[in-house]
Structures are given as structure tokens and as C-alpha cells.
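As C-alpha cells, the structure follows; a few thoughts come after it.
Owing to the predicted nature of the structure, the values given are computational and were not obtained by experimental measurement. Per chain, numbering begins at 1; letters A, B, ... match sequence-line order. When reading the values below, keep in mind they use all heavy atoms of this one structure, side chains included, and skip hydrogens, waters and symmetry mates.
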Amino acid sequence: MNSENKLCVYNTITRKKELFEPINPPFVGMYVCGPTVYGDAHLGNCRTFVSYDLMYRYLLHLGYRVRYVRNITDVGHLVNDADEGDDKIAKKARMEKLEPMEIVQRYTLGFRDVMQKFNTLPPSIEPTATGHILEQIEMTQKLIDNGYAYSVNGSVYFDVIKYNQKFQYGKLSGRVIEELIKTERDLDGQEEKKNTIDFALWKLAKPEHIMRWTSPWGKGFPGWHLECSVMSTKYLGSPFDIHGGGMDLKFPHHECEIAQNVGAEGSEPVKYWLHTNMLTVGGQRMGKSLGNYISPDQLFTGDHKMLSKSYSPMTVRFFMLQTHYASTLDFSDEALKASEKGFRKILNGLKTIKELSYQEKQDIFDEALNKDIEQLSSLCYEGMNDDFNSPKLIANLFNLLKYINSFHNKVLNIGALKPENFILLKTTFITFVENILGLKEEKNNNPNMLDDVLKTLLDTYSEAKNRKDYATVDLIRKEIKKQGILIKDTKEGVEWSYEE
RNA sequence: GGUCCUGUGGCCGAGCGGCUAGGCUCAGCUCUGCAAAAGCUGCUACAGCGGUUCGAAUCCGCUCGGGACCUCCA
């Protein structure tokens, strides 16, 4: 690796690009807010997790020992605002006449399946909120003890005003507490709170509420933001290195997380806050409520009015990585089509470079050529070191690809390359494409391909037979037998069967 | 209303004060039995108007356009 230029990341809380220095190298702790499993993940969700997968892979490549924690939210997110209304999972469970945990299981499995299709590495730990009720109760109690929370009628709220007297609430998202109080809308069911901006740590369960746990304040369930505060510090300590999530979580979710951790422990929980930007359609954020939402499966099957065809998971992954994680990514069929071509070009390059062999010749090395290869290789690192700038990396990979193809086609003489630079070219291209961008060949892209190829072969066989070209006939029969397949001529035509 | 981001060639997208990424599309050339692939060449853009500077897509101001967050949201 190129140790001279170091990884820099854009830290939301300082609003600056900073040199990345882990708290306890070589260990790196990374926490990413995962999905709420009450429905299928859509493409926007996927983009976020593909982005963090890129970061995870690069950190691993740099030699860090990364513990990557991504939670599964299986309780606690309310359907309505104002800390009122149903739990999303409980609501869905009632609608579908299922146990809440059946909902959780179904969508957790679905989520993992999609993540696997996108070739994301599984996190080191994937903790669930319901698995950490005890710890959440403990943190709530601690916040009460520290004077930053109060209980009312079996619910517990975080006292934002009180907290703000000593610390600064809103520093991550740039909110001013007075403004927040002013703009807070009139909502029902706020009487329990001292102030409208207070948020729930623990909610009393109404009789009809099916997800409930015993607590010092009665039977209830944890509030929205508590699980991340609890689970991140439980598994990564405090402070830990990286906390990520979509930018829509900056406020209030991450803001509340900070308040909870600081309120409980007195110190900042996170060194680097990273936020990924939204996936948009026609410039507008993809979301269920807007109806412009598209699921991974629709993309893979092409079954959507916005799509002219289907796109493979790797094509979509490449499409996502062609834009920097902090920029909005605009979704369109046309853009996807362009990415598909580019991706295939990369794949062909991968195949070419793997088969390309170095010719041991006594040629005079081309200094300019060698220098260019060296420079392009280091530019790949520079791109990634610059806040995980994958588009920059990809541009340089295409530049390297041009050389790979030129060597392959003998437009350029590979002997003009120094042996060490041939190795450099090869390892750089393969490592970045496969290990860091996480792109791979999709052999099973078309599950019928083998059948189709076989049929073509049999048609050729028949045709040769009609021409009485028995040399070809015999050749085909002989070669295909090596694959354990027998060709049989019947009155109805040509058939095949497995060799017994 | 508040806070913030953003406007790049036919399309997508880097760029963070000088060295005019990259992909896709289009046109032409080379190679080729035909074709494909690949290579080469061309199309040279920064919303508008001012300002700072020897020099601005990049910094500042204004105007116009797009968007996000402020409520669950990746």
C-alpha cells in the first residue's frame, strides 16, 4: 500500500476533511445505523449500505482490524411523530396477523439476502434492539440518575433543555435549540413532556400494544434513539472511531444519540461522523411516501415502469460507486444503462489481465510508460484516500484498463514494461476491482445460459449432419461427451442425455 | 419561516485557485473474411451577472433554478 498519502474523511461534526487516525490502531470501530425491519429494503437503503461496505473494505485493505457493527432495529420506531402512535413493527404485525417477531424475521432475512446480492460483506456484529432491552433500561436509569431524564406516567423522557445548559444539543446538525422550540409544531399527546423537543427514552405500553417489557417504570418499550447509543458503545467502547448512517438521520436520530451518550457518560461517543447522501429520482429523494420507490428485486427483474430492462446486482453496485457517497445519486434507466456498459468493460478487463502474461524480453524499458503505470496506480490510492472517492478511483481504473487492453492487443509491447510494474498493474487492477469496489463476475446472470448454449450446439450438430459433414458431427459428439453428455439421434430429431 | 447543500459538455458524474478526470452516447479512422472487441481521433463544458486575483468551474457578492433537513425515514 501507499503509506505516504493517508486516508482523509469528511467529518460531519467538524465539517472538515480530517486525517483518519484510529483511537486504538490497528483497531477500528465502525457503527452504522441499520434498517428497521418492517418492510422490504428499497434501493435508497441499499445505497447507504453499499457505501459503508466500500469503506469497510478499504479500511480492511489498509490493514486495519475493523469491527463493523450494523444494528437491526426490531422495535421502537414509531409510525407517527410526537412519540405517539404505534410501533412500526407492532402495527405491521397486527395488519398481517403475525407475531411481531415473525415480521422481524421475514424482513431481516430479506434484507440479508439483498445485501448478499450486492456483494456486501456481512458486519462483524449485527445486534438487535430487542436483544438489548436490559442495557437500554440501564442507560435510561443512568440518565435519570444524572438528572437528564424524568419519568411521567410510566414513560421516560430526555430533558433536552436541562442537557443544553451544560452541553450543546444540536451541534452535529447545526440546530439552535431556541429555533427548534419555536418551529416545533403543535402536536397531540405532548402534555407529558416538559418541553416539546424532549424525546422518549422509554414509552409506556398501552393495553393493546403487543411489544412490551417490564421496566422500573412499568411495562413498556424503548424509545427511538436509545438502541444505537447502547449498542454502539457496548460493542465498540466510548469513544469509538466511526459512526455512519444516511444524512436523513443526522437530526434528530444522531443528535439524540450524542445527547444520550454524553448525558450518561459525560463524554463524546464518536470521533468521526460520516453521512451518506440520498438516492434521488428526477432530483427528488426516493421514498415510499413519494411513490417513486423501487425495490432491488424490481431492478433485477426489470419489472418496473421506469425500467427498459433488468439490471444485475453488480451493475447496480457499480452504478452506485460511480458517484461519491456524499453526493446525491440520481437514478434513471439511462444512467443505469451507461453503467452497465462500463461495468462490462471493467469485467472484460479483469478477465484480460488475469490471462495476460508477461513476456520476458530483452526490450528497452519505456520510461514514460513505466512512470505512467506507477502514477495511475498511486492515483487509485489517492482517490480512495480522499474520503473514499470511488468515482476518482474508477476513472483511474479505466485509464489502467486502456493499457491492459493495449498490451493484450499488442498495440503496446508488454516487454517495454518493467516486470515489477507488470505485477503492479495486475495487482492494482484486480485488488481495487474485486476487493475494494467489491465487484465480481456474475456467472449465473442468466440461469438458462447453459441450456441455450447446449441447444445451439445441438442445432449445429443437426445441421452438420444434414450436410453430411461427418467430421464435424463426430467432433461435436466426441467433445460434448467429455462433459458427460450423450447426443442421440432419434426419428424425431436430436436429443441429449446424461452419460450413465 | 429556520438551517444547509447544490446547478459542470447530448446523458451520468469527478474536480476544492494554474496542470482542461472518467464512463455512456455520437462521428471518423486503424485492425478485421464479415462482425464484435480493442486502440486512436474529434465533439472541450462549467446557470447568469458583477468582484477579488498575474490567473477562477474552483474564492466573495447578488440574481435565477434544483434539492435536503427541521416529523418516521438510509
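Across all strands, A:Leu336 comes closer than 4.0 Å to no nucleic acid atom at all (heavy-atom distances). Residue contacts shown for A:Asn396 are absent, as no nucleic acid heavy atom lies under 4.0 Å away. Heavy atoms of A:Asn399 sit under 4.0 angstrom from primed sugar atoms or phosphate atoms, though from no base atom. At the heavy-atom level, A:Lys337 lies nowhere under 4.0 Å from the strands shown. At the heavy-atom level, A:Lys250 lies nowhere under 4.0 Å from the strands shown. Using a 4.0 Å heavy-atom cutoff across all strands shown, A:Ser406 reaches sugar-phosphate atoms only and no base atom. The residue A:Gly287 sits apart from the nucleic acid: no heavy atom pair falls under 4.0 Å.
Taking atom CD1 of residue A:Ile177 and atom P of nucleotide B:C70, one finds them 17 Å apart after rounding to whole Å. The nearest whole Å value for the distance from the CE atom in A:Met320 to the P atom in B:G23 is 22 Å. One atom, CG of A:Leu369, and another, P of B:G39, lie 15 Å apart when rounded to the nearest Å. Distance, A:Glu257 CD to B:C73 C1': 15 Å, rounded to whole Å.
If you check the side chains of A:Glu126 and A:Asn71, you find no donor sitting under 3.5 Å from an acceptor. Judged by distance alone, the side chains of A:His275 and A:Thr12 do bring a donor and an acceptor atom under 3.5 Å apart.
Just one residue in the list A:Lys17, A:Glu18, A:Lys16 forms a side-chain hydrogen bond (donor to acceptor under 3.5 Å, both in side chains) with A:Thr14, and that residue is A:Glu18. The one candidate from A:Phe240, A:Tyr235, A:Tyr52, A:Tyr56 that meets the ring pair (Phe, Tyr, Trp, His ring centres under 6.0 Å) condition with A:Tyr68 is A:Tyr56.
Taking atom P in both B:A38 and B:G55, one finds a spacing of 44 Å when rounded to whole Å. For the P atoms, the distance from B:C19 to B:C64 is 32 Å, rounded to whole Å. Atom name P, nucleotides B:G61 and B:G67: the rounded distance is 23 Å, in whole Å. The gap from the P atom of B:A35 to that of B:A27 amounts to 16 Å, rounded to the nearest Å.
Comment: A:Lys371 does not engage A:Glu367 in a salt bridge, judged by the lack of any side-chain N to carboxylate O separation of less than 4.0 angstrom. A salt bridge does not link A:Lys91 to A:Glu96: none of the charged side-chain nitrogens sits closer than 4.0 Å to a carboxylate oxygen.
Here the nucleotide nearest the side chain of A:Arg175, chosen from B:C73, B:G39, B:G2, is B:G2. Which of B:G22, B:C73, B:C70 sits closest to the side chain of A:Leu180 comes down to B:C70. The listed nucleotides are B:G2, B:C24, B:A74; the one nearest the side chain of A:Glu179 is B:G2. Side-chain proximity of A:Met247 to B:G39, B:A74, B:A68: nearest is B:A68.
Each of A:Val176 and A:Asp248 has a nearest nucleotide on RNA chain B; the 5'-most of these lies closest to A:Val176.
A:Asp159 CG to A:Asp198 CG: the interatomic distance, rounded to the nearest 0.5 Å, is 5.0 Å.
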Please list each protein N or O that sits under 3.5 Å from an N or O in nucleotides 14-18 of chain B, with the distance.
residue : atom : partner  : partner atom : Å
B:A14   : OP1  : A:His324 : N            : 2.9
B:A14   : OP1  : A:Ser327 : OG           : 3.1
B:A14   : O3'  : A:Asn389 : ND2          : 3.2
B:G15   : OP1  : A:Asn389 : ND2          : 2.8

Hey, mind stepping through A:Tyr58 and A:Asn385 against side chain to side chain donor-acceptor pair (under 3.5 Å) and telling me if it holds?
CA-CA 9 Å; A:Tyr58 191 58; A:Asn385 282 335; 2.8 Å; yes
